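Here the structure is laid out as structure tokens; the discussion comes afterwards.
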Amino acid sequence: SNEMNQSTMNIRSATVQSIETVPRGMDQGSADMQAGTSGTAGSTSGAAGNMMYRVTLRLDDGTTRTFVQNTQPAFQLGDRVSVQRGVIQR
């Protein structure tokens, strides 16, 4: 498998291609996401804390890499960024 560990990835230069918000736990495929569809208990309290940000970067060689982070990105679409040990920096 060519899945790379996000925390060890270094990218010298890339462009932000997309930023999406995803419910926390969705990428892990956890069962509690399905439970949230029928009962909405607690879904409104601290909703921001339940969101993660999926950021897709386009590298200079044309390939894309996707990162997930807990905090709202400090960059925007089209920004030039680098990645140090899995952390995206402008």
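Here the structure is a predicted model, which is why all the values come from computation and not from measurement. Computed from heavy atoms alone, side chains included, the values below leave out hydrogens, waters and symmetry copies.
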Q) So which heavy atom on Ser13 is nearest to which on Asp60, and how close? A) OG-OD2, 3.3 Å

(Q) Is there a side-chain contact between Leu57 and Val16 in this structure, where contact means two heavy atoms from C-beta onward sitting under 4.5 Å apart? (A) yes

Q.
If only side-chain N and O atoms count, and only distance matters, is there a donor-acceptor pair under 3.5 Å linking Arg65 with Thr56?
A. no

Q: Kindly indicate, with the supporting measurements, whether the criterion side-chain contact (heavy atoms from CB on, under 4.5 Å) is fulfilled by Thr66 and Val55.
A: CA-CA 6 Å; Thr66 301; Val55 181; over 6 Å; no

Q) If you look at every heavy atom in Ile11 and Met9, which pair is closest and at what distance? A) CD1-SD, 3.9 Å

Q) Does the side chain of Arg12 come within less than 4.5 Å of Ser82's, by heavy atoms? A) no

**Q.** Closest non-hydrogen atom pair between Asn70 and Met52, with its separation
**A.** OD1-CE, 3.3 Å

Q) Val87, Ile19: one ILVMFWY side-chain cluster at the under-4.5 Å cut-off? A) no

Q | Contact summary for Phe67 and Gln6, nearest pair of heavy atoms | A | CD2-CG, 3.4 Å

Q.
Under a 3.5 Å distance rule, please check whether Asn10 uses its side chain to pair with a backbone N or O of Arg85 as donor and acceptor.
A. yes

Q) If you look at every heavy atom in Gln72 and Gln69, which pair is closest and at what distance? A) C-NE2, 4.1 Å

Q: Report the distance from atom CD of Gln89 to atom CZ of Phe75, rounding to the nearest 0.5 Å.
A: 10.0 Å

